[in-house]
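Numbers here simply count residues along the sequence, with the first being 1.
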Amino acid sequence: MKNYTYRIAAPDDLERIWAKNIAKNPEEPAWLRWREQYIGYNRNGDAVTFVVVCDGEPVGEGTLLFSPDCSAIRGRRNLADGKRVTNLNALRIEKEHEGQGHISRMVRMMEEYAKEHGYDRITIGVEAAETRNLGIYLHWHYDEFVMADVEDDTLVLYYAKNLAGDPE
């Protein structure tokens with residue numbers, strides 16, 4: 001039986017998860033840039049990454065972006081303002097671990113972390129074509145429409161969840 005844990009990523013977890021991301025996307029040089037950015041955000045406190053760990057190996061991730069200066073936020077303070085609003089970003093899990101509730105458990109942990117650190121609102125973005133993910137986010141109560149934007153020729157919809165009245 002596999003042993004799963006959920007935690008804030010240690011520096012070694014970040015290195016390992018990003019090495020996997022880059023290996024899965026060898027034709028896309030943007031992954032190298034994103035690695036540097038996200039590791040830097042974790043280092044300077046603009047973000048915190050959480051991981052799903054299976055038998056000691058990180059197999060899933062998600063990052064809370066706090067600062068509007070993070071590249072994915074692009075100054076949009078309605079998505080992350082560094083004070084009360086944070087953005088749940090880069091949710092990923094390896095295929096063989098999908099559909100088992102690991103991302104849901106990690107997201108709940110991320111929401112608790114955000115609440116404990118004074119955030120009362122979390123935003124999340126989803127590509128409009130990703131209807132399965134949109135359904136999951138709505139199920140998690142990310143159901144307040146915030147905005148739509150075209151990013152890299154893709155329509156992205158942003159939703160929010162207020163943590164103060166967090167339904168269980």
State which residues pass salt bridge (charged side-chain N to carboxylate O under 4.0 Å, His left out) with Arg76; sequence neighbours excluded, sorted by chain then number. Asp149, Glu151

Quick one: are His102 and Ile93 in side-chain contact, heavy atoms under 4.5 Å? yes

Is it the case that over 12 heavy atoms from other parts of the model lie below 6.0 angstrom from the CG atom of Asp152? no

Check whether Ile122 and Phe145 end up in the same hydrophobic cluster, where Ile, Leu, Val, Met, Phe, Trp and Tyr are linked by side-chain heavy atoms less than 4.5 Å apart. yes

In Å, rounded to the nearest 0.5 Å, how long is the span from CZ of Arg33 to CD of Glu28? 10.5 Å

Nearest atoms (heavy-atom pairs only) where Ala160 meets Val146: CB-CG2, 3.6 Å

Stepwise side-chain contact (heavy atoms from CB on, under 4.5 Å) check, Val107 with Leu88: CA-CA 8 Å; Val107 166; Leu88 205 160; 3.8 Å; yes

Does the side chain of Gln37 come under 3.5 Å of the side chain of Ser71 through a donor N or O and an acceptor N or O? yes

Can you name the nearest heavy-atom pair linking Glu27 to Pro29, along with the distance? O-CD, 3.3 Å

Verify same cluster id: Tyr158, Leu91 (apolar side-chain graph, 4.5 Å): no

Do Ile136 and Met109 land in one hydrophobic cluster if side-chain heavy atoms of ILVMFWY residues count as linked below 4.5 Å? yes

Student check: side-chain heavy atoms of Glu111 and Tyr119 closer than 4.5 Å: no

Is there a path of hydrophobic side-chain contacts, each under 4.5 Å between heavy atoms of I, L, V, M, F, W or Y residues, that connects Ile124 with Ile73? no

So Trp140 and Ile103, do their side chains get closer than 4.5 Å, heavy atoms only? yes

Heavy-atom closest contact (Glu94 atom, Lys24 atom, distance): CG-NZ, 3.5 Å

Strictly by modelled atom types, are Asp143 and Tyr137 linked by a side-chain donor-acceptor pair under 3.5 Å? no

Any chance you could lay out the side-chain contact (heavy atoms from CB on, under 4.5 Å) test for His117 and Tyr113, step after step, and finish with the verdict? CA-CA 6 Å; His117 287 82; Tyr113 180 93; 3.2 Å; yes

For residues Arg121 and Leu163, determine if any side-chain heavy atom of one lies less than 4.5 Å from a side-chain heavy atom of the other. no

Over all atoms of both residues, closest heavy-atom pair of Arg7 and Thr5: NH1-OG1, 4.1 Å

Indicate, with yes or no, if Val126 and Met147 share a hydrophobic cluster defined by side-chain heavy-atom contacts under 4.5 Å among Ile, Leu, Val, Met, Phe, Trp and Tyr. no

For Leu32 and Ile22, run side-chain contact (heavy atoms from CB on, under 4.5 Å): C-alpha distance rounded to whole Å, both residues' side-chain angles, the deciding distance at 0.1 Å, then the answer. CA-CA 7 Å; Leu32 294 169; Ile22 291 165; 3.6 Å; yes

Are the side chains of Leu138 and Tyr142 in touch, meaning some heavy atoms are under 4.5 Å apart? no

In Å, rounded to the nearest 0.5 Å, how long is the span from CG of Asp46 to OH of Tyr38? 11.5 Å

Once you measure the plane-to-plane angle for Trp18 and Trp31, does it fall in the parallel (<30°), tilted (30-60°) or perpendicular (>60°) bin? tilted

Given Lys2, which of Glu96, His97, Gln100 fulfils the side chain to side chain donor-acceptor pair (under 3.5 Å) condition? Glu96

Looking only at non-hydrogen atoms, find the nearest pair between Pro68 and Ala80 and report the distance. CB-O, 3.3 Å

Give the minimum heavy-atom separation between Asn87 and Asn89, together with the two atoms involved. OD1-ND2, 3.2 Å

Side chain proximity check, Tyr159 to Leu157, heavy atoms < 4.5 angstrom: yes

Check: Asn42 and Leu14 side chains under 4.5 Å, non-hydrogen atoms: yes

Donor-acceptor pairs are to be reported for all side-chain atoms of residues 50-66 against protein atoms at under 3.5 Å, with residues two or more places apart or in another chain.
unit_1: Asp55; atom_1: OD1; unit_2: Asn3; atom_2: N; d: 2.9
unit_1: Glu57; atom_1: OE2; unit_2: Lys20; atom_2: NZ; d: 3.2
unit_1: Glu61; atom_1: OE2; unit_2: Asn21; atom_2: ND2; d: 2.8
unit_1: Glu61; atom_1: OE2; unit_2: Arg92; atom_2: NE; d: 3.1
unit_1: Thr63; atom_1: OG1; unit_2: Thr49; atom_2: OG1; d: 2.7

Working for side-chain contact (heavy atoms from CB on, under 4.5 Å), residues Arg77 and Val85: CA-CA 8 Å; Arg77 292 179 126 1; Val85 181; over 6 Å; no

Any side-chain heavy atom of Val150 within less than 4.5 Å of one from Val156? no

Residue Lys83 excluded, over 12 heavy atoms near NZ under 6.0 Å: no

